[in-house]
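Right, one structure below, let's go through it.
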Amino acid sequence: MPAGRFCATIGLYRGEAMGWTTIKQIFSDHERLLNRELEVRGWIRTQRESKNFAFIELNDGSCFKNLQVVYGDSLPNFSAAVKYPLGSSLKVTGTLVPSPAAGQPFELKAEKIEVIGLSTLDYPLQKKRHTFEFLRTIPHLRPRTNTFMAVFRVRSLLAHAIHSFLQERGFVYVHTPIITGSDCEGAGQMFRVTTLDLRNPPRDEKNGIDFSQDFFGKETNLTVSGQLNVEGFCLAFNKVYTFGPTFRAENSNTQRHASEFWMIEPEIAFADLADNMQLAEDMLKFVIRYVLEKAPQEMEFFNRFIDTSLLPRLQHVLEAKFEHVTYTRAIELLQKADMAFNFTPQWGGDLQTEHERYLSEKIFQKPVFVTDYPKEIKAFYMRLNDDGRTVAAMDLLVPDVGEIIGGSQREERHDVLKRRIVEMGLKTEDYEWYLNLRKFGGAPHAGFGLGFERAVMYLTGMENIRDVIPYPRTPKSAEF
RNA sequence: UCCUCAGUAGCUCAAUCGGCAGAGCGGAUGGCUGUUAACCAUUAGGUUGGGGGUUCAAGUCCCUCCUGAGGAGCCA
């Protein structure tokens, strides 16, 4: 049968019960299922054959583990089956029996092996280790590998964990717009959204581009943050959050940056910076605990093959109280450090990556909140402290990943906020609606942004953001 | 965007001073009665990222472009 043709009868989806047994069910209920006749459906991960018998490692996606299928030359299609290429999808019926060999407690002794979809000999995934770089060239196939099946299951669980944590605490999920009409969100370069003919755009009287003829009648872009929008909902619902895609057109080429990524932005009213940090710490601990509980096989795999210090480190984070240090104190600690930095730590300057790493990995060796940065290096909406020089901002630095959370208490005083907008060289008319939130019953409020992919990296030990996004988008790369 | 490194068989890599382009894995063929990245034997497989240049001779040296990785900046 040629590849791409289907021959076996396809079962219908029947809700939770699929009409056949999943490998997950077999692993969780193998004592009851032993010596029973079962049907499974999955893909050949690997196959080993001898003269009169053969083994297939079958994975059906229901769980991390493979099911060993054993079959002999009593099957009429034995000689054909040993040549089914890796990746082929099968329907196997047989009896679950105890395995006589070490390596697996049980196996499926096949009585019938039917091809659902044959693969071909040029299937790119081989019975050997592949580099992540190579697997990035086949993002549509890499979920069929151990590592990526584990990564993307954890990614899914982590998303659920975040929703669970926030929903259980009464947070309202707000879908802030992805297309934004304001170019003033203040977080980097944006992707333009337009239906104008780029080869021949309409011109205005100054020979500029006439955006009044564009789809929305003005310039529009993809969002770089939902924060400003969600603040309006925060001052109605009190506890709110966004969780959606975010787009940055920065030409960033690092392991930690992507052009399209997901971000979680909780925002709480009648709250200050300390409440904000407590929320961040509780949330991070909750989701770590959740993923460890729901994906023990995957996490064990990461700890064994990706990062051997992963589980001890996560356990340590669960037990530790996160550190808190002011920016001013952090600069002092860095200046006293017995370490030759490429950039000398100096009050008023940004913390360099090397400084952040030194703080979280050497001095504290656990997650650390750095707070109260100089107002000049932070966004206009962050609340001005009483000293007049710093703002109520916080960054959470974690070992190995770096900045995973950035947040602040927001400036709730109308006059101070207006002054800060002017000081930062921004136009007050662009922020009229935002200032109005302070005018019509404002309240102290605070929030933060959690980079979802960075959290996935932190929980899995994966070092490159391109390996925790199904189809990553980075500069010069938007294939598939 | 800047700095550094890399690109050779399907994959992972080697090729000494510029001198016949190789190995392992994967594939094919055969063998093997319990394999676990199975094992043993045989075998096929190449526009050395693209373009240009130097040279009797270029995978190797020079120029240029493309792609990838690591670091920096920006940030989540």
Side-chain angles (χ1 to χ4, degrees), chain A residues 45-57 65-74 82-83 85-86 97-104 107 109 120-138 145-146 185-189 224-227 242-265 280 305 342-343 349-354 356-357 377-379 395-398 401-407 448-458 463-469 474-477 479:
Chain A
R45 274 292 178 83
T46 176
Q47 163 139 240
R48 298 175 286 274
E49 87 272 9
S50 277
K51 188 181 182 183
N52 303 317
F53 59 92
F55 300 96
I56 290 171
E57 297 272 337
K65 288 188 173 170
N66 303 324
L67 177 68
Q68 175 161 292
V69 174
V70 58
Y71 63 103
D73 57 4
S74 57
V82 297
K83 295 200 180 305
L86 304 193
V97 296
S99 180
Q104 58 285 317
E107 62 193 17
K109 190 167 168 47
T120 61
L121 290 173
D122 57 353
Y123 183 62
L125 297 172
Q126 302 177 358
K127 278 197 270 191
K128 58 172 277 189
R129 199 185 163 278
H130 288 292
T131 60
F132 290 152
E133 286 89 336
F134 171 68
L135 293 170
R136 273 171 220 151
T137 68
I138 47 168
T145 65
N146 284 334
E185 294 177 7
Q189 291 291 306
V224 294
S225 165
Q227 182 207 313
T242 72
F243 188 173
T246 307
F247 306 89
R248 304 266 168 100
E250 300 288 336
N251 192 6
S252 295
N253 291 287
T254 80
Q255 295 177 310
R256 311 195 310 281
H257 291 85
S259 311
E260 176 180 320
F261 63 98
W262 286 57
M263 192 157 62
I264 301 103
E265 297 167 296
F305 294 109
N342 290 322
F343 295 87
D350 277 313
L351 289 180
Q352 304 292 314
T353 298
E354 58 179 347
E356 295 185 345
R357 293 190 68 129
I377 60 174
K378 286 291 180 184
D395 284 354
L396 180 63
L397 312 178
V398 297
V401 171
E403 184 183 336
I404 197 171
I405 282 175
F448 62 84
L450 167 66
F452 182 58
E453 282 77 11
R454 291 189 183 175
V456 177
M457 291 165 73
Y458 189 58
E463 290 183 339
N464 196 310
I465 198 167
R466 301 170 184 98
D467 296 328
V468 301
I469 299 177
T474 52
K476 298 272 187 289
S477 176
E479 295 302 312

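Order of the sequence lines sets the chain letters (A, B, ...), proteins ahead of strands, with each chain counted from 1.
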message: Please report the distance separating the C1' of rA15(B) from the corresponding atom of rG22(B), rounded so that it comes out in whole Å.
response: 7 Å

message: On RNA chain B, does the nearest nucleotide to Glu57(A) precede the nearest nucleotide to Glu453(A) from the 5' side, or the other way round? Give the residue.
response: Glu57(A)

- prompt: With sugar-phosphate meaning primed atoms plus P, OP1 and OP2, does Thr46(A) contact a base, only sugar-phosphate, or nothing at under 4.0 Å between heavy atoms?
  reply: sugar-phosphate

- request: Report yes if some heavy atom in the side chain of Asp395(A) is under 4.5 Å from a heavy atom in the side chain of Lys378(A); otherwise report no.
  value: yes

message: As a test of reading the structure: which of rU35(B), rA76(B), rA69(B) is closest to the side chain of Ile465(A), going by heavy atoms?
response: rA76(B)

task: Measure from the side-chain heavy atoms of Gln68(A) and tell me the nearest of rA76(B), rA72(B), rG34(B).
output: rG34(B)

- prompt: Does a nitrogen or oxygen in the side chain of Gln126(A) sit under 4.0 Å from OP1 or OP2 of rG10(B)?
  reply: no

query: So, is Lys476(A) near the phosphate of rC65(B), with a side-chain N or O under 4.0 Å from OP1 or OP2?
result: no

- prompt: So what does Thr246(A) hit on the nucleic acid, given a heavy-atom distance under 4.0 Å: a base, only sugar-phosphate, or nothing?
  reply: nothing

message: Between C1' on rC74(B) and CG on Asp395(A), what's the gap in Å once rounded to a whole number?
response: 13 Å

field: Distance, P atom - from rG59(B) to rC5(B), rounded to whole angstrom
entry: 22 Å

- request: Would you indicate what Phe261(A) reaches in the nucleic acid, counting non-hydrogen atoms under 4.0 angstrom: base, sugar-phosphate, or nothing?
  value: base

message: So Arg45(A) and Asn146(A), do their side chains get closer than 4.5 Å, heavy atoms only?
response: yes

Distance between C1' atoms of rG50(B) and rG24(B) (Å, rounded): 29 Å

task: Rounded to the nearest angstrom, tell me the gap between atom CG in Asp350(A) and atom P in rG73(B).
output: 9 Å

message: So Glu107(A), base contact, sugar-phosphate only, or nothing? Heavy-atom distance under 4.0 Å.
response: base

Separation of rC40(B) C1' from Lys51(A) NZ (nearest whole Å): 15 Å

- prompt: With sugar-phosphate meaning primed atoms plus P, OP1 and OP2, does Arg136(A) contact a base, only sugar-phosphate, or nothing at under 4.0 Å between heavy atoms?
  reply: sugar-phosphate

- prompt: Ala455(A) near the nucleic acid: base, sugar-phosphate alone, or nothing, with a heavy-atom cut-off under 4.0 Å?
  reply: nothing

query: Looking for any heavy atom pair under 4.0 Å, which part of the strands does Arg466(A) touch: base, sugar-phosphate only, or nothing?
result: sugar-phosphate

Basic-acidic side-chain contact under 4.0 Å: Glu57(A), Arg48(A): yes

task: Starting from C1' on rA37(B), measure out to CZ on Arg48(A) and report it in whole angstrom.
output: 9 Å

message: Does rC75(B) have OP1 or OP2 under 4.0 Å away from a side-chain N or O of Ser252(A)?
response: no

task: Counting heavy atoms from C-beta on, name the nucleotide in rG34(B), rG68(B), rG73(B) closest to the side chain of Ala101(A).
output: rG34(B)

message: Can you check the distance between rA9(B) and rG26(B), where both ends of the measurement are the C1' atom (answer in whole Å)?
response: 11 Å

- prompt: Where does rC56(B) fall, syn or anti, if syn means a chi angle no more than 90° from 0?
  reply: anti

message: Counting only side-chain heavy atoms from C-beta out, which of rG34(B), rU12(B), rC75(B) sits nearest to Thr353(A)?
response: rC75(B)

task: Could you provide the dot-bracket string of RNA chain B, using ( ) for intrastrand pairs, [ ] for crossing pairs and | for bases paired to another strand, with Watson-Crick or G-U pairs below 3.5 Å?
output: (((((((..((((.....[..)))).(((((.......))))).....(((((..]....))))))))))))....

- prompt: Is the phosphate of rG73(B), meaning OP1 or OP2, less than 4.0 Å from a side-chain N or O of Asn253(A)?
  reply: no

- request: Answer whether the closest heavy-atom distance between the side chains of Phe243(A) and Trp262(A) falls below 4.5 Å.
  value: yes

field: Atom CD of Glu463(A): over 12 foreign heavy atoms under 6.0 Å
entry: no

message: By the 4.0 Å heavy-atom rule, please label Asp122(A) as base, sugar-phosphate, or nothing.
response: nothing

- prompt: Under a 4.5 Å cut-off applied to non-hydrogen side-chain atoms, are Met263(A) and Thr242(A) in contact?
  reply: no

message: On RNA chain B, does the nearest nucleotide to Ser477(A) precede the nearest nucleotide to Gly406(A) from the 5' side, or the other way round? Give the residue.
response: Ser477(A)

- prompt: Base, sugar-phosphate, or nothing: which does Lys83(A) touch, judged by heavy atoms less than 4.0 Å apart?
  reply: sugar-phosphate

query: Contact class for Phe53(A) (heavy atom, under 4.0 Å): base, sugar-phosphate, or nothing?
result: sugar-phosphate

Phe55(A) side chain, from C-beta outward: closest of rC75(B), rG34(B), rG68(B): rG34(B)

Plane angle bin for Phe53(A) and Phe55(A) - parallel if under 30°, tilted between 30 and 60°, otherwise perpendicular: perpendicular

- prompt: Please give, in whole Å, the distance from rG70(B) C1' to Asp467(A) CG?
  reply: 14 Å

message: Please classify the nucleic acid contact of Ala54(A) as base, sugar-phosphate, or nothing, using heavy-atom distances under 4.0 Å.
response: nothing

statement: Leu121(A) has its side chain closest, among rG68(B), rA28(B), rC75(B), to rA28(B)

- prompt: So, Arg454(A) side chain and Glu403(A) main chain: donor-acceptor pair closer than 3.5 Å or not?
  reply: yes

task: Taking only the side-chain nitrogens and oxygens of Gln255(A), find out if one of them lies under 4.0 Å from OP1 or OP2 of rA69(B).
output: no

message: Just the rounded figure in Å: distance from P of rG71(B) to CZ of Phe343(A).
response: 15 Å

task: Take the protein atom CG of Leu125(A) and the nucleotide atom C1' of rC25(B), then report the distance between them rounded to whole Å.
output: 14 Å

message: Rounded to whole Å, please give me the gap between NE2 in His257(A) and C1' in rG71(B).
response: 13 Å

task: Among the candidates rG24(B), rU33(B), rA69(B), find the nucleotide nearest to the side-chain atoms of Lys128(A).
output: rG24(B)

